[in-house]
Amino acid sequence: MGVYAVTGSASGMGRAVADKLRAAGHTVIGVDVKEADVVADLSTDSGRQRAVREVLAAVNGRLDGAVLAAGLGPGPGKDRPRVIAQVNYFGVVDLLEGWRSALAASASAKVVVFSSNSTTTTPAVPRRTVRALLGGDADKAVKSVRLFGRGASAIMYAGSKIAVSRWIRRTAVRGDWAGAGIRLNALAPGAIMTPLLEEQLSNPTESKAVRAFPVPVGGFGDAGQLGDWAVFMLSDAADFLCGSVVFVDGGSDAYFRPDAWPRPVPLTRIATYLFRFVRFRR
Ligand code: NAD
């Protein structure tokens with residue numbers, strides 16, 4: 001039986017994963033701002049440090065996996081874009097960097113991060129928002145979405161999920177992650193019926209937009225089913241899964257971008273490998 005850290009364990013999909021892992025006999029250290037084994041506010045630097053420290057202490061330096069589900073969606077309030085950036089991006093990256101050696105101490109650790117299909121279905125997300133987050137500059141990211149006014153939190157939400165997905169793809173393949181036996185992947189849900197979505201549906205304007213959004217299979221997704229996907233991505237079946245962003249979104253991404261992906265690798269990217277190959281053959 002394994003030992004897992006699950007953030008966002010008090011509600012929605014994080015709770016579904018934690019319940020399923022516990023029911024299967026695993027040990028789960030839940031992290032959340034409320035009702036959790038480790039109560040920590042991931043929107044602050046000190047809260048993230050506490051989450052890193054207290055989980056490491058609880059698991060005796062070895063983690064078989066982690067699920068990063070804590071997050072918040074678009075919503076009202078001037079400070080919302082900043083909190084979204086802090087929780088959805090730094091609440092993943094800072095924790096995983098802090099837990100990396102504990103994950104490497106397990107024979108085959110698996111990590112699942114909750115991204116979103118807003119990564120590919122939200123238009124006009126500025127590149128500089130994503131660049132600022134990947135560069136560790138939350139203030140710059142917040143400034144970059146100000147011109148969107150009331151739409152700023154939706155843009156930051158998508159930007160935070162793009163940045164975290166890119167961080168996963170860049171990091172997953174590195175020697176200190178893939179090479180250390182850690183499998184790092186993301187799950188990108190569409191609209192799933194959880195308190196996060198309920199908050200959006202309680203706002204008449206947002207509710208209209210959510211309900212009008214094209215979902216080819218219709219309706220909303222189920223938190224328990226997304227929990228099953230995460231548990232599957234933590235299992236041995238995912239030994240060969242590395243740096244993938246798995247969309248479980250009722251077809252919205254495919255609807256908007258049928259031909260956007262897969263695409264051949266750009267020549268510039270492959271040139272280094274071809275060069276090495278030619279040198280090796282000589
Ligand atoms: P939820 O609101 O039910 O659960 C989110 C959890 O995160 C809550 O328990 C909350 O307390 C915790 N959290 C929020 N702010 C925190 C903070 N500052 N510190 C610590 N914990 C904090 O939401 P959910 O729908 O289950 O979402 C889970 C993940 O899936 C999120 O990352 C969300 O962005 C993502 N997602 C959700 C949907 C959806 O439609 N529900 C779609 C795509 C992606």
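Heavy-atom basis, side chains included; hydrogens, waters and symmetry copies ignored. Order of listing sets the numbers, starting from 1, for every ligand and every atom in it.
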Excluding sequence neighbours, so at least two apart, what forms salt bridge (charged side-chain N to carboxylate O under 4.0 Å, His left out) with R166?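 Salt bridge (charged side-chain N to carboxylate O under 4.0 Å, His left out) check on R166 returns nothing, list empty.
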Partners meeting salt bridge (charged side-chain N to carboxylate O under 4.0 Å, His left out) with R62 (sequence neighbours left out):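 Partners of R62 under the salt bridge (charged side-chain N to carboxylate O under 4.0 Å, His left out) test: D64.
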Salt bridge K110-D239, side-chain N to carboxylate O under 4.0 Å: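 Yes, this pair counts.
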Y255 ring center within less than 6.0 Å of F213 ring center: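 Ring-ring flag for F213/Y255: false, centres at least 6.0 Å apart.
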Partners meeting side-chain hydrogen bond (donor to acceptor under 3.5 Å, both in side chains) with T121 (sequence neighbours left out):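 Partners of T121 by the side-chain hydrogen bond (donor to acceptor under 3.5 Å, both in side chains) criterion come out as none, since no residue qualifies.
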Whether Y4 and H26 hold their rings parallel, tilted or perpendicular, with breakpoints at 30° and 60°: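 Plane angle over 60°, so perpendicular.
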Could you pull out every protein residue that has a heavy atom closer than 4.0 Å to ligand 1, ordered by chain and then number?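 For ligand 1, the residues that come within the 4.0 Å heavy-atom cutoff are G8, A10, S11, G12, M13, D32, V33, K34, A40, D41, L42, S43, A69, A70, G71, V87, F114, S115, S116, Y157, K161, P189, G190, A191, I192, T194, P195, L196.
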